Visitor: 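Quick one: structure below, then a few questions.
So you know, we letter chains A, B, ... as the sequences are listed, proteins then strands, and number each from 1. Treat the numbers as computed from the prediction; the structure is a model and nothing was measured.
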Amino acid sequence: MTETQRARATSSPRCLQDVAVGDAITPLVRGPMTPSHLMRWSAAIENWHRIHYDEPFATEHDGLPGLLVNGSWKQHVLTQMMREWLAPDGWLVRIQFSFRRMDLVGDTLTAWGTVTETQERDGLGFVTCEIGIENPRGENSTPGTATGVLPLRGGRPVPYPYPAG
Amino acid sequence: MAAHLTDEIRALVGQTGPRLTAAHPLGPDELRRFTQAVMDDDPIHWDADAGARYGGVVAPLLYPVNALRRPPGSADPLDRLHGDPDWDGTDLGSGLGGLPPVRVPGLPRVLNGGVEAEFHQMARVGDVISAQARYLDISERAGKSGPMVILTVETTYTNQDDAVLVRARSTVIMR
């Protein structure tokens, strides 16, 4: 394990018994988001939707308040937050979220999560979380849920690859 | 209420698109550019020892949804700006995994509604990723700003061994 991973692991649960309902997932803070960040993301995935990098188009043509942070980028931030919190012993089984509000250039965004349920099943520990991305206007732009799996204390490791079903 | 959903559009539910395969294996430079763009600095994305649990250097969990890009020799998508300066830069046809596009008169705006994904393994450097999409559902709803047509597309992403990496259900809102 590298030093970076060791530092992350200290804030991560190692087994289901380390987790309680109400626990916060280690948040990821990103920003302030600049046009450069959005341009780099659009170029990386070759998505040329102009509302993410062409400010006159976004504001004058589409009537938006500014350049919009890509939903396609936000989905990776939520997924990364959950994966890192569950690493190195757990696995993100499922994630779900909706794009409900606009996040804009200039925003600092906080991906957050809270444990809502824990459950033992098949010798493994399942953790369900409420997740979201908060913007400076106090909105949850991207509400959703996620389910991760951790070992039970002294139990079998989480299988990898993680099977379907 | 189903004013926008024609029989032709309904008939698309259950239809499966072509199996699309990335033009080349996932390379380390492509992965570095991607992970910096998404601001993911976990060494599992460049250090095989760090990624040992996952079999080596691996991509972010949701990477496969962005893996199918234009192959070499594709037409330049930005050429369209010359004849159509108001074009918004989107191309729904290419965004839905080769499925026949749904075109609904009177509902010109296309929004990314959300995603649900199940994860089985991470794509590794060297993997050749394929994707196959199908229309899971097409429905109409009355939204606050008028009628909306909601497409649910399920896409299964696999590697060169046909092992499932990710299964993702995307919601596309037309209004």
Visitor: Given that the side chain runs from C-beta out, which part of Gln36(B) has a heavy atom under 4.5 Å from chain A: side chain, backbone, both or neither?
Guide: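 Looking at Gln36(B), backbone and side chain both touch chain A.
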Visitor: What distance separates Arg83(A) CZ from Trp91(A) CH2, expressed to the nearest 0.5 Å?
Guide: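 It is 8.0 Å, given to the nearest 0.5 Å.
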Visitor: Where is the tightest heavy-atom contact between Gly17(B) and Leu99(B), given as atom of each residue plus distance?
Guide: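 It is N-CD2, 3.2 Å.
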Visitor: Can you tell me which portion of Leu78(B) sits under 4.5 Å from chain A's heavy atoms? Options are side chain, backbone, both or neither.
Guide: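 Contact with chain A involves the side chain of Leu78(B) alone.
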Visitor: Would you mind telling me which of Arg50(A), Gln96(A), Arg30(A), Arg94(A) has the largest number of heavy-atom pairs within less than 4.5 Å of chain B?
Guide: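 Ranked by contacts with chain B, first place is Arg50(A).
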Visitor: Which atoms of Asp86(B) are under 4.5 Å from chain A, going by heavy atoms: the side chain, the backbone, both sets, or neither?
Guide: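 Both backbone and side chain.
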Visitor: Looking only at heavy atoms, which two atoms of Pro105(B) and Arg103(B) are closest? And how far apart?
Guide: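 Minimum heavy-atom separation between Pro105(B) and Arg103(B): CD-O, 3.7 Å.
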Visitor: Need one label for Leu68(B): side chain, backbone, both or neither, based on atoms under 4.5 Å from any heavy atom in chain A.
Guide: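 It is neither, since no heavy atom gets under 4.5 Å.
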Visitor: Which answer fits His49(A), side chain, backbone, both or neither, if we ask what part of it has an atom under 4.5 Å from a heavy atom of chain B?
Guide: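 Contact with chain B is through both the backbone and side chain of His49(A).
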Visitor: Could you check whether any side-chain heavy atom of Asn66(B) comes within less than 4.5 Å of a side-chain heavy atom of His76(A), counting everything from C-beta outward?
Guide: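 Of all side-chain heavy-atom pairs linking His76(A) with Asn66(B), at least one is under 4.5 Å.
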Visitor: Report which part of Phe97(A) has an atom under 4.5 Å of a heavy atom belonging to chain B: side chain, backbone, both, or neither.
Guide: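 Both parts, backbone and side chain.
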Visitor: So which heavy atom on Asn159(B) is nearest to which on Asp161(B), and how close?
Guide: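 Shortest heavy-atom separation between Asn159(B) and Asp161(B) comes out as OD1-N, 2.9 Å.
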Visitor: Report the option among Arg53(B), Met122(B), Glu30(B) that has the most heavy-atom pairs separated by less than 4.5 Å from atoms of chain A.
Guide: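 Option with the greatest count: Arg53(B).
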Visitor: Of all of Gln121(B), Glu116(B), His120(B), which one pairs up most often with chain A through heavy atoms under 4.5 Å apart?
Guide: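 With the most close heavy-atom pairs to chain A, the winner is His120(B).
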Visitor: Of the backbone (N, CA, C, O) and the side chain (C-beta and beyond), which part of Val65(B) lies under 4.5 Å from a heavy atom of chain A, both, or neither?
Guide: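 Only the side chain of Val65(B) comes within 4.5 Å of chain A.
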Visitor: Is the centre of the Phe119(B) ring less than 6.0 Å from the centre of the Tyr162(A) ring?
Guide: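 Phe119(B) vs Tyr162(A): aromatic centres not under 6.0 Å.
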Visitor: Using a cut-off of under 4.5 Å on heavy-atom pairs, state which of Asp54(A), Asp89(A), Leu38(A), Val77(A) scores highest against chain B.
Guide: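 Sorted descending by pairs with chain B, the first entry is Asp89(A).
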Visitor: In terms of heavy-atom pairs under 4.5 Å with chain B, which of Gln80(A), Arg100(A), His52(A) leads?
Guide: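 Option with the top pair count is Gln80(A).
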Visitor: Using a 4.5 angstrom heavy-atom cutoff, name the option from Glu118(B), Met39(B), Arg169(B) with the most pairs to chain A.
Guide: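 The option with the most such pairs is Met39(B).
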Visitor: How long is the straight-line distance from CG of Asn135(A) back to CG of Asp103(A), given to the nearest 0.5 Å?
Guide: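 One gets 5.0 Å once the value is rounded to the nearest 0.5 Å.
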Visitor: Mind checking which of residues 112-126 of chain A sit less than 4.5 Å from chain B, heavy atom to heavy atom?
Guide: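 Within residues 112-126 of chain A, no residue comes under 4.5 Å of chain B, counting heavy atoms only.
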Visitor: Distance-only, no hydrogens or angles: does the Trp41(A) side chain make a donor-acceptor pair with backbone N or O of Asn47(A) under 3.5 Å?
Guide: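 Absent.
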Visitor: Quick check: closest heavy atoms across Pro60(B) and Leu31(B), and the distance to 0.1 Å?
Guide: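 So the minimum-distance heavy-atom pair works out to CD-CD1, 3.8 Å.
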Visitor: Answer with yes or no whether the side chains of Thr34(A) and His37(A) bring together a donor and an acceptor at under 3.5 Å.
Guide: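 Per modelled atom types, His37(A) and Thr34(A) side chains form a pair under 3.5 Å.
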Visitor: Check whether any side-chain heavy atom of Ile131(A) sits under 4.5 Å from a side-chain heavy atom of Met81(A), and report yes or no.
Guide: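 In short, these two side chains touch, coming nearer than 4.5 Å.
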Visitor: If you take all heavy atoms of Tyr135(B) and Leu12(B), which pair is closest and at what distance?
Guide: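 Smallest heavy-atom distance, with atoms named: CB-O, 3.4 Å.
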Visitor: Can you tell if the side chain of Arg153(A) reaches within under 4.5 Å of the side chain of Leu16(A), non-hydrogen atoms only?
Guide: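 Not touching, per the 4.5 Å side-chain cut-off.
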Visitor: To the closest 0.5 Å, what do you measure between CE (Met148(B)) and CD (Glu140(B))?
Guide: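 It comes to 9.5 Å.
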Visitor: Heavy-atom distances under 4.5 Å only: say whether Val164(B) touches chain A with side chain, backbone, both or neither.
Guide: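 Neither part; nothing is under 4.5 Å.
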Visitor: Restricting to non-hydrogen atoms, name the atom on Ile173(B) and the atom on Gly113(B) that form the minimum distance, rounded to 0.1 Å.
Guide: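 Heavy-atom minimum between the residues: CD1-CA, 3.8 Å.
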Visitor: Residues of residues 137-151 of chain A under 4.5 Å from chain B (heavy atom pairs)?
Guide: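 Expected list: none.
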Visitor: Quick one: what part of Asp40(B) sits under 4.5 Å from any heavy atom of chain A, side chain, backbone, both or neither?
Guide: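 Looking at Asp40(B), backbone and side chain both touch chain A.
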Visitor: Tell me, side chain or backbone of Tyr63(B) under 4.5 Å from chain A's heavy atoms, or both, or neither?
Guide: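 Tyr63(B) touches chain A through backbone heavy atoms alone.
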Visitor: When you look at Arg19(B) and Asp162(B), which way does the salt bridge (charged side-chain N to carboxylate O under 4.0 Å, His left out) test go after all the steps?
Guide: CA-CA 11 Å; Arg19(B) 182 184 161 95; Asp162(B) 261 342; 3.2 Å; yes
Visitor: Please tell me if the side chains of Phe57(A) and Asp88(B) come closer than 4.5 Å, counting only heavy atoms from C-beta onward.
Guide: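 Of all side-chain heavy-atom pairs linking Asp88(B) with Phe57(A), at least one is under 4.5 Å.
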Visitor: By a 4.5 Å heavy-atom criterion (distance strictly below it), what part of Arg40(A) contacts chain B: side chain, backbone, both, or neither?
Guide: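 For Arg40(A), backbone and side chain are both near chain B.
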Visitor: Does any N or O in the side chain of Asn70(A) come within less than 3.5 Å of the main-chain N or O of Ser72(A), such that one atom is a donor and the other an acceptor?
Guide: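 Pair absent, no side-chain N/O of Asn70(A) close to backbone of Ser72(A).
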